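A short write-up of the structure that comes next.
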Amino acid sequence: MTDNKQQSNFIRDIIDSDLESGKNDNRVHTRFPPEPNGYLHIGHAKSICLNFCIAEDYPNGKCNLRFDDTNPVKEEEEYVESIIEDVKWLGFDWEDRLYFASDYFQQLYEYAEQLINAGKAYVDDQSADTIRDTRGTLKELGSNSPYRNRSIEENITLFGKMKAGEFGNGEKVLRAKIDMSHSNLNMRDPVIYRILHADHHHTGNTWCIYPMYDWAHGLEDSIEGITHSICTLEFEDHRPLYDWFLDQLGVYHPQQIEFARLNLNYTIMSKRKLKRLVDEHHVAGWDDPRMPTISGLRRRGYTPESIREFATRIGVAKRDGVIDIALLDHCLRDDLNKRALRVMVVLDPVKVIITNYPEEQVEELDADNNPEDESAGKRKLPFTRELYIERSDFMEDPPKKFFRLGPGREVRLKHAYYITCTNFIKSENGDVTEIHCTYDPATKGGWSDDGRKVRGTLHWVSVQHAVDAEVRLYDHLFNVDNPEADGDDFIQHLNPDSLIINTQAKLEPGLQKARANTNYQFLRNGYFCLDADSAQENIVFNRTVGLRDSWGKKQK
RNA sequence: UGGGGAAUCGUUUAAUUGGCAGGACAGCGGACUCUGACUCCGUCAAUCUAGGUUCAAAUCCUAGUUCCCCAACCA
């Protein structure tokens, strides 16, 4: 299977066969139904891409964005806004189909009355504790509530009073009347409405009773005419309930299909645990570039294209596994390589003096902005007698395989000249402080026709033109591949080196005017972008991801 | 001897539905290179186990093993 062909998966197979049998009048309609109780992360991106890409790939396919906002105590407008921004940023379009479950509250209420009138639901006065105790366990059957056989009239009346606010939180609930000895716990008279005197971000104080997920979700799907309701594996046990409600009411019946959620090594995906990282200040916020949130990835410099490519490459299946984060890195680099503007930045500078270069001379040398993309054009770089190069690009006593600078060795300065090391100076503590070289004027532009071979090519920045900047180098947030293995002790696996702040970076002068939302490749160092903290007088770059480094790997 | 799911290279995902187990990532080796990047080439490597049916089994049958999910008035 080639990269550009859409891989089939079991969900698309189901849709294909439904289309073939004419099941839904040839419609394909999915939805992404987030609860606005937190920020979206890369795991949600898998679901977003799955649902929206199906809509994009099938003729007349549609995908709704629907907020499943049935629990006002956990949900906030802030999350609604961030979710909308994130889905949009990923490049998806729900057209005019932005919905809220809370917009269906009246209809959901009437459906509940219908269920009561069918004798399939009752108001229960028992406490939450009692309901839990009488539900039974995995092996023991549950027992019926003493209120289970109230008359339809009484149930209708009491349900109306629940809605009217005549009871306090927890005093009563509405339960479906199914089977307290069902082998599936979800079918043991599940609660479908609870009393919550709480302001709702979308409906204000209009309601004081709120539907539970199981009651609301299938009906939301039904109301919107969803054909394939795709959710994660843990809802498999809920599918009998999903089907039961729809069957009892005799309404349009979408098909729920479950797939395995995304897990990534070296990261955590649980909203609760991510929130703890934020609350306990282990990271700077939800959009900290180390977070697996969409907003974190965006700030880090990930592109929507790379995330979408990742989503299609990981595929969709029912087996739950752990994806190697190296695949995400690969998708990122692959996309960035095509689009990133090449620039020269020295992260750990050491001074080079070209002893045979005129002291006051400045030459403007041509450099291409992106060898992968001719249209990116060229820029000028100032070359002078004193330059910075990377400290790791010089060795006092280099091994044979070291292609960079050392005493007597010749290397190429990218876009500039060949230089040969003639001498170096060390400080008292043994650090190299200055490297002396001569340049060959005949190699201007970085090339010689005489057949000379130079293995090493170094990046550099003119000392007098260099711009100072702060560069934030990120690594995995955790230093073990499965930080959640020990439950809540995941904090102990935080990688202390997940953020290294470098304040001595030297930028080529054009970067003084670096643009936001632009991906750069710092030559030989990795991909970087301007951080939100950056200011004119204090430039801050994030390292999005390093380049592959087969040399560095060999050194270990 | 509660119920619901899932098992294919290290990881992930395919296999025209009973017909040569393929790809991607990772690893390793090499070529190329004005980025030790990119690109290209090569290479390593898998059907949970045991039986059975069949000319032929990842696929069908039987028995077993391992892993995941479920006991919120969360979603």
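In the text below, chain A, chain B and the rest are named by the order of the sequence lines, each starting its count at 1. Remember, predicted model here, so these are calculated numbers, not experimental data.
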Can you check B:rA31 for me, syn or anti if syn means within 90° of 0?
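Because its glycosidic torsion lies more than 90° from 0, B:rA31 adopts the anti conformation.
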Using O4'-C1'-N9-C4 for purines and O4'-C1'-N1-C2 for pyrimidines, with syn meaning within 90° of 0, is B:rU17 syn or anti?
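Syn.
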Among residues at least two apart in sequence or on other chains, which ones pass ring-ring contact (aromatic ring centres under 6.0 Å, His included) with A:Y439?
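Testing A:Y439 for ring-ring contact (aromatic ring centres under 6.0 Å, His included), a comparison that skips the adjacent residues, returns A:Y357, A:Y417.
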Residues forming a ring-ring contact (aromatic ring centres under 6.0 Å, His included) with A:H238, sequence neighbours excluded
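Once residues adjacent in sequence are excluded, the partners of A:H238 under the ring-ring contact (aromatic ring centres under 6.0 Å, His included) criterion are A:F235.
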Using purine N1 to pyrimidine N3 plus N6-O4 or O6-N4 for Watson-Crick, or N1-O2 and O6-N3 for G-U wobble, each under 3.5 Å, what pairs with [N]?
{"N": "B:rC60", "answer": "B:rG52"}
{"N": "B:rA46", "answer": "none"}
{"N": "B:rA37", "answer": "none"}
{"N": "B:rU16", "answer": "none"}
{"N": "B:rA24", "answer": "B:rU11"}

Between [X] and [Y] (side chain of the first, backbone of the second, donor and acceptor by atom type, cut-off under 3.5 Å), is there such a pair?
{"X": "A:T293", "Y": "A:W286", "result": "yes"}
{"X": "A:R379", "Y": "A:D368", "result": "yes"}
{"X": "A:H476", "Y": "A:F478", "result": "no"}
{"X": "A:D68", "Y": "A:E35", "result": "no"}
{"X": "A:Y193", "Y": "A:K163", "result": "no"}

When all nucleic acid strands are considered with a 4.0 Å heavy-atom cut-off, which category describes [X]: base, sugar-phosphate, or nothing?
{"X": "A:H415", "answer": "base"}
{"X": "A:I314", "answer": "sugar-phosphate"}
{"X": "A:F402", "answer": "base"}
{"X": "A:V316", "answer": "sugar-phosphate"}
{"X": "A:R404", "answer": "base"}
{"X": "A:Q521", "answer": "base"}
{"X": "A:G446", "answer": "base"}

Does [X] place a side-chain N or O at less than 4.0 Å from the phosphate oxygens OP1/OP2 of [N]?
{"X": "A:R333", "N": "B:rC38", "value": "no"}
{"X": "A:H330", "N": "B:rC25", "value": "yes"}
{"X": "A:S550", "N": "B:rA37", "value": "yes"}

May I have all residue pairs that pass salt bridge (charged side-chain N to carboxylate O under 4.0 Å, His left out) and include part of residues 69-80 of chain A, sequence neighbours excluded?
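Checked against salt bridge (charged side-chain N to carboxylate O under 4.0 Å, His left out) - neighbours excluded - no pair reaches residues 69-80 of chain A.
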Quick one: which residue pairs count as a salt bridge (charged side-chain N to carboxylate O under 4.0 Å, His left out) with a foot in residues 125-135 of chain A, not counting sequence neighbours?
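Passing the test, one end in residues 125-135 of chain A: A:D125-A:R150, A:D125-A:K172, A:D129-A:R132.
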When the distance from [atom1] of [X] to [atom2] of [N] is rounded to whole Å, what number comes out?
{"X": "A:D481", "N": "B:rA26", "atom1": "CG", "atom2": "P", "answer": "17 Å"}
{"X": "A:D329", "N": "B:rU12", "atom1": "CG", "atom2": "P", "answer": "17 Å"}
{"X": "A:D393", "N": "B:rG36", "atom1": "CG", "atom2": "P", "answer": "8 Å"}
{"X": "A:N482", "N": "B:rU11", "atom1": "CG", "atom2": "C1'", "answer": "14 Å"}
{"X": "A:F10", "N": "B:rG5", "atom1": "CZ", "atom2": "C1'", "answer": "11 Å"}
{"X": "A:D179", "N": "B:rG2", "atom1": "CG", "atom2": "P", "answer": "18 Å"}
{"X": "A:L405", "N": "B:rG36", "atom1": "CG", "atom2": "P", "answer": "14 Å"}
{"X": "A:E309", "N": "B:rG23", "atom1": "CD", "atom2": "C1'", "answer": "13 Å"}

For B:rG4, does the base pair up with any side-chain atom of A:R239 as donor and acceptor (N or O, under 3.5 Å, distance only)?
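When only heavy-atom distances are counted, A:R239 does not reach the base of B:rG4 through any donor-acceptor pair under 3.5 Å.
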Has the side chain of A:R313 got a donor or acceptor atom sitting under 3.5 Å from an opposite partner on the base of B:rU12?
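A donor-acceptor contact between them is absent.
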Which nucleotide wins on minimum distance to the side chain of [X], given the candidates [options]?
{"X": "A:D549", "options": "B:rG36, B:rG2, B:rC25", "value": "B:rG36"}
{"X": "A:I323", "options": "B:rU12, B:rA26, B:rC38", "value": "B:rU12"}
{"X": "A:R524", "options": "B:rG36, B:rA6, B:rA24", "value": "B:rG36"}
{"X": "A:R455", "options": "B:rG2, B:rC38, B:rU33", "value": "B:rU33"}

Letter by letter from the 5' end, nucleotides 69-75 of chain B scores (B base, S sugar-phosphate only, - none; protein heavy atoms under 4.0 Å) BBBSBSB
Looking at residues 364-371 of chain A, who's got a heavy atom less than 4.0 Å off RNA chain B?
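By residue number: A:P371.
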Could you tell me if the ring centre of [X] sits under 6.0 Å from that of [Y]?
{"X": "A:F522", "Y": "A:F528", "value": "yes"}
{"X": "A:W215", "Y": "A:Y111", "value": "no"}
{"X": "A:Y39", "Y": "A:Y79", "value": "yes"}
{"X": "A:F67", "Y": "A:F100", "value": "yes"}

Review item, nucleotides 27-31 of chain B N/O atoms under 3.5 Å of protein N/O:
{"from": "B:rG27", "atom 1": "OP1", "to": "A:K553", "atom 2": "NZ", "distance (Å)": "2.3"}

For nucleotides [N] and [M], find the distance between their [atom1] atoms and express it as a whole number of Å.
{"N": "B:rC55", "M": "B:rU43", "atom1": "C1'", "value": "35 Å"}
{"N": "B:rU49", "M": "B:rG30", "atom1": "P", "value": "35 Å"}
{"N": "B:rC41", "M": "B:rC32", "atom1": "C1'", "value": "11 Å"}

List the residues meeting side chain to side chain donor-acceptor pair (under 3.5 Å) with [X], not counting sequence neighbours, and say none if there are none.
{"X": "A:N370", "answer": "A:R342"}
{"X": "A:T457", "answer": "A:R412"}
{"X": "A:R31", "answer": "A:H217, A:S229"}

Under 3.5 Å, sequence neighbours excluded: what are the donor-acceptor pairs made by side chains of residues 322-333 of chain A?
{"from": "A:D324", "atom 1": "OD1", "to": "A:A326", "atom 2": "N", "distance (Å)": "3.0"}
{"from": "A:R333", "atom 1": "NE", "to": "A:G546", "atom 2": "O", "distance (Å)": "2.7"}
{"from": "A:R333", "atom 1": "NH2", "to": "A:G546", "atom 2": "O", "distance (Å)": "3.3"}

Polar atom pairs between nucleotides 44-48 of chain B and protein, under 3.5 Å, N or O only, would you list them?
none

Side chain to side chain donor-acceptor pair (under 3.5 Å) assessment of A:N525 paired with A:E390
CA-CA 10 Å; A:N525 269 324; A:E390 215 67 67; 3.2 Å; yes
Please figure out whether A:K414 or A:D334 has its closest RNA chain B nucleotide nearer the 5' end.
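Final value for this comparison: A:K414.
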